Amino acid sequence: MSAANIASSPASGTSNKLSAREKKWIIYDVGNSAFVLLSTAVVPIYAKSLMPSDGNIVSAWGYAQTIASLVIALLMPLLGSIADVQGMKIKFFLGFFGTGVVMCCAMALPLTWLPFLIIYVLATIGLNGSLTFYDSMLIDTTTNERMDKVSSHGYGWGYVGSTVPFIVCIALIFGGPALFDWSTVACTRASFVITAVWWVAFTIPLITSYRQVHYRATRDHAREAIRGTFTELGSTFGKIVKNKPLWMFMLAFFFYIDAVNTVISMSTSYGTQLGIDSTQLVVALLVTQFVAFPCAILYGRLAGRFGCKPMITAAVVAYMGIVFFATFFLKTAVEFWILAILVGMFQGGIQALSRSYYGKIIPKDHANEYYGFYDIFGKTASILGTFLVATTTSLTGNASFGVLSIAILLVVALVFLTLQKDPTRAA
């Protein structure tokens, strides 16, 4: 990093108040989370309505999610390495963000189920691709000392902010036919456009203020740096392998984030299997978002006092308790609400601190490249857990045993976290 580049680094400051740059980075979480929430609650139901009566939305939806995850996992290390060149990070971010928004709007077109799922996959690739570059922007936005707080505020405000367009969309879907004489299908399509507009509105502050502070030293032209990208990737992988604390954390992250994602993605289908009313499930999902908001911010504060890794470890232990509760005690809507509250208490915290802790222990001038590998672990992890639950359920014929299998992932993660030496403590 050049001397001029150092001079433009974010001020370390000791103020507890968020800076303007930090706030503008945070609110992108508010924008993109609206699409995430809509994808969780509305898109699968709409996709099912497009399918023939004998169609299987569970398998189709699973394949769609798997394809989107694999594409991002394969692309991000390569594109991340290129994005470490000065000025490239924002270009890649805009490319993926733009793709996500355009495809979100395209979902409103009158389509049959297969073209709709293809467009949804492209929208998801756009979202997840933008998030990889967005995550790496954290190191350009704030300092190591403030990363936990800023990252936690991002997740926290993302959770509560996403409920605003979601409630508008749900109100439109249920009330639109009576108020505007629209069909339910037309109201659902309109919700995709509303979500896209919200996403754009909360992205503008970031793209107009972002400056890439940390970047890879290159020669005269970016083309030469891009030509050497594969060499850089091999070098980075070699450095990860030699950095024991880093790769041990990445393995721990792989297993526990898999468990977290599986709990999130399977909770609604598990509740449906137990016979819980769909309205109760949607409301419980909203409860999770509202609980996650203050808890994610609180988790960032606690990390400042007790350390980032201890708080991640505490969340892993808490998730083990959540899995046991879901396995042995979840029977009614009341217990599902309790589950939603428990998930909300720890979901945002573990995601936010994972992002900030990783940012602290990697080289700043190769951040995108390292976050590309981080994304491989995060995206491929979303495949293993659901497969484990489905396979265990099929073999035992009991969905509760399938949910209990998630505990295996958490135990493995806990072992790696316990054995890992925390680089931030040694500094």
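Here the structure is a predicted model, which means the values were calculated and not measured.
- Asp422 and Tyr357 share a side-chain donor-acceptor pair at under 3.5 Å.
- The two atoms that bring Arg189 and Leu109 nearest to each other are NE-O, 4.0 Å, heavy atoms only.
- Residues Leu353 and Ser151 fail the side-chain proximity criterion, which asks for heavy atoms closer than 4.5 Å.
- Rounded to the nearest 0.5 Å, atoms OG (Ser33) and CG (Leu131) are 8.0 Å apart.
- Here Asp29 pairs with Arg355 in a salt bridge; the nearest charged N to carboxylate O distance falls below 4.0 Å.
- Look at Lys360 and Asp148 and you find a salt bridge, because one of the NZ, NE, NH1 or NH2 atoms lies within 4.0 Å of a carboxylate O, short of that distance.
- With a 4.5 Å cut-off on side-chain heavy atoms, Ile322 and Val343 count as touching.
- For the pair Leu127 and Trp199, the minimum side-chain heavy-atom distance is below 4.5 Å.
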**Message:** Could you walk me through whether Val164 and Val30 satisfy the side chain to side chain contact (heavy atoms under 4.5 Å, CB included) test, starting with their C-alpha distance in whole Å, then the side-chain angles of each, then the deciding distance to 0.1 Å, before giving a yes or no?
**Reply:** CA-CA 10 Å; Val164 176; Val30 176; over 6 Å; no

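- A pairwise comparison of heavy atoms in Ile341 and Val291 identifies O-CG1, 3.6 Å as the closest pair.
- Cys105 and Ala196 make their closest contact through SG-CB, 3.5 Å (heavy atoms, listed as atom of the first residue, atom of the second, distance).
- For Thr141 and Tyr210, the side-chain atoms include no donor-acceptor pair closer than 3.5 Å.
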**Message:** Please determine whether side chain to side chain contact (heavy atoms under 4.5 Å, CB included) holds for the pair Thr112 and Leu50, giving the CA-CA distance in whole Å, both sets of side-chain angles, and the decisive distance to 0.1 Å.
**Reply:** CA-CA 6 Å; Thr112 55; Leu50 298 177; over 6 Å; no

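- Using a 4.5 Å cut-off on side-chain heavy atoms (C-beta onward), Pro177 and Ser183 make no contact.
- A donor-acceptor distance shorter than 3.5 angstrom exists from the side chain of Asn32 to the backbone of Tyr28, with no hydrogens or angles considered.
- A side-chain donor-acceptor contact under 3.5 Å links Thr288 to the backbone of Ala340.
- Checked by atom type and distance alone, the side chain of Gln420 pairs as donor or acceptor with a backbone atom of Pro245 at under 3.5 Å.
- With 3.5 Å as the limit, one finds a donor-acceptor pair spanning the side chains of Thr142 and Glu22.
- Salt bridge Lys89/Asp140: present, at least one basic N to carboxylate O contact under 4.0 Å.
- Counting only distance, with no hydrogens or angles, the side chain of Tyr299 and the backbone of Met311 share a donor-acceptor pair below 3.5 Å.
- Note that CD1 of Ile362 and CZ of Phe249 are 10.5 Å apart. Values are rounded to the nearest 0.5 Å.
- Annotation: Phe133 is not in aromatic contact with Phe97 [ring centroid separation under 6.0 Å not met].
- Between atom OG of residue Ser19 and atom CZ of residue Arg146 there is a gap of 6.5 Å, rounded to the nearest 0.5 Å.
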**Request:** Take Thr188 and Phe192 through the test side chain to side chain contact (heavy atoms under 4.5 Å, CB included) and record every step on the way to the result.
**Result:** CA-CA 7 Å; Thr188 304; Phe192 300 144; 4.0 Å; yes

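- Side chains of Met107 and Phe35 form a contact here, defined as non-hydrogen atoms less than 4.5 Å apart.
- Looking at Ile125 and Met103, their side chains never come closer than 4.5 Å, going by heavy atoms from C-beta outward.
- There is a side-chain donor-acceptor pair under 3.5 Å between Tyr159 and Gln351.
- Two rings, from Phe93 and Phe96, have their centers 6.0 Å or more apart.
- No side-chain donor-acceptor contact under 3.5 Å links Lys421 to the backbone of Lys244.
- Between Thr195 and Cys169, the shortest heavy-atom contact is OG1-SG, 3.9 Å.
- In this structure, CH2 on Trp25 lies 12.5 Å from OG on Ser209, to the nearest 0.5 angstrom.
- Annotation: side chain of Val323 is in contact with side chain of Leu410 (closest heavy-atom distance under 4.5 Å).
- Closest approach of Phe416 and Ala252 over heavy atoms only: CB-CB, 3.6 Å.
- Shortest non-hydrogen contact noted between Ala315 and Phe346 is CA-CD2, 4.2 Å.
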**Request:** Mind running side chain to side chain contact (heavy atoms under 4.5 Å, CB included) on Ile312 and Tyr256 for me, showing each step along the way?
**Result:** CA-CA 10 Å; Ile312 292 174; Tyr256 73 68; 3.6 Å; yes

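- Note: Ser162 OG to Phe293 CZ = 11.5 Å, rounded to the nearest 0.5 Å.
- Here CG of Leu251 is found 10.5 Å from CG of Leu417. Values are rounded to the nearest 0.5 Å.
- Annotation: side chain of Thr132 is not in contact with side chain of Phe92 (no heavy-atom distance under 4.5 Å).
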